[in-house]
Amino acid sequence: MTSLPWYRKPWAQILLGLALGVVWGVAAAGLGWSQFTNDWIAPFGTVFFNGLQLIAVPLVFASLILGVTSLRDMRKVSRIGGKTIAIYIATTAISVTIGLGYANALRPGDYVPEGLQRELAEQYREAAESREGQAATMMEERGPLAMLEDIVPANVVGASSSNRNMLQIVFVALIFGVALIRIPDNKGAPLLGFFKGLEAVVIEIVGIVMRLAPLGVFALIARAITGMAGDDPQQIVQLLGALGFYCLVVVGGLATQMLVVYPLILKFFSPMRLKRFFPSAAQVQLVAFSTSSSGATLPVTMKRAQQDLGVSEEVSSFVLPLGATVNMDGTALYQAAAALFIAQSLGMSIGIEGQLSIVLTAVLVSIGTAAVPGAGIIMLVIILQAIGVPTAGVALILGVDRILDMIRTATNVTGDMTVATVVAASEDQLQT
């Protein structure tokens, strides 16, 4: 198969859309074309954004159920499965904490101009006031375990008809998957086949929606600049500077996860030498970087883990495919940092309870993040909904999402290889 030239690849086209959106936004702001942009260009961004929201519920539901039912093999290798899930959850929680730590310490959203923050706050004032009212009611009328009560929906249809409380969807999917494992195979097979087909259809829809990404990114970033930065060129430059600093914060967190956390895990829980691990991982990282898909990278990941790292086929064939579904360390870190950046940009304060909700939601929804390009931004929408931040704020960061998607996917697959190495070492199935 002949490879596409670089300028026809999706990442290049999206970067082109970003660049054109910046150019148009700056020119339109300076020439007074903001209204034209809002009337004739911004709707394309709205269509793209609505398409992302459209597939959030079925994507989470189908992916989570299939992720849970894939653990059916734990009856044969329950020890390996238990270790795998525990380590994946632990590394994801660590990555979310790192993302929150960087965003809290460096506060990239504060670099958005004060005037723009006021305009954003005014634009989303109604949503912010609604959130504050709900928080006050919660403090006055609800008990300390109210968040636990919110996880279990009283009406499954009602929970799935709205994106407002996706944590309920996650809970229902987990319970559904567990129940599907426990019933006889002949009764569960039709349902399992249905959800496999649903996931395939949803992933195909993701591909269709992402074809609109260059146009959508162009429209969203143009609207973000003209509609929120006004006609002040200095504000526009400051906004772009804040986005650049936000990117550095996310990349710094991903570098910490990849170059500090994973090496420490390998050092303390396996005999693997870093000089052996990282040259092999680099080949997988390059594929992940170019495809932005853990699923597409999986064959390369398994081959390198078996041939270069000495992970047994039994361990790699179980741990790595599961990791491509449930282990999204880089994506979870990005989502935590992005959620705080958007909240800071809107002048909203996220307290301890909100940040704990970010940790819980990011860990859970990372299990349901499909291993395809663009799925991470959908999960970010879910996290914003969980903490009450207006999801339209995603427009601020969507233009730079693609390059960050490439980097965080490389982090994801590195985490998969790390966990496979550790599990193989604990089972004495690692050839050193």
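Just so it is clear, the model here is predicted, and its values are computed rather than measured.
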statement: Residues Ser270 and Thr421: closest non-hydrogen pair is OG-CG2, 4.1 Å

Over all atoms of both residues, closest heavy-atom pair of Ala42 and Asn38: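 Closest approach of Ala42 to Asn38: CB-O, 3.5 Å.
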
Does [X] use its side chain to pair, donor to acceptor, with the backbone of [Y] at less than 3.5 Å?
X      : Y      : answer
Gln285 : Val413 : no
Gln431 : Gly310 : no
Arg408 : Met328 : no

Partner of Tyr262 by side chain to side chain donor-acceptor pair (under 3.5 Å), out of Thr256, Thr91, Asp329: Asp329

task: For the pair Tyr246 and Phe341, name the ring-plane relationship: parallel under 30°, tilted 30 to 60°, perpendicular over 60°.
output: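 The rings of Tyr246 and Phe341 lie parallel, inter-plane angle below 30°.
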
- prompt: What pairs with Phe195 under ring pair (Phe, Tyr, Trp, His ring centres under 6.0 Å), at least two apart in sequence or on another chain?
  reply: Phe61, Phe176

Would you indicate whether the side-chain heavy atoms of [Y] and [X] approach each other to under 4.5 Å?
X      : Y      : result
Leu309 : Met272 : yes
Leu192 : Lys196 : yes
Thr418 : Phe277 : yes

message: Do Tyr334 and Ser95 pair up side chain to side chain, a donor and an acceptor below 3.5 Å, judged on atom types alone?
response: no

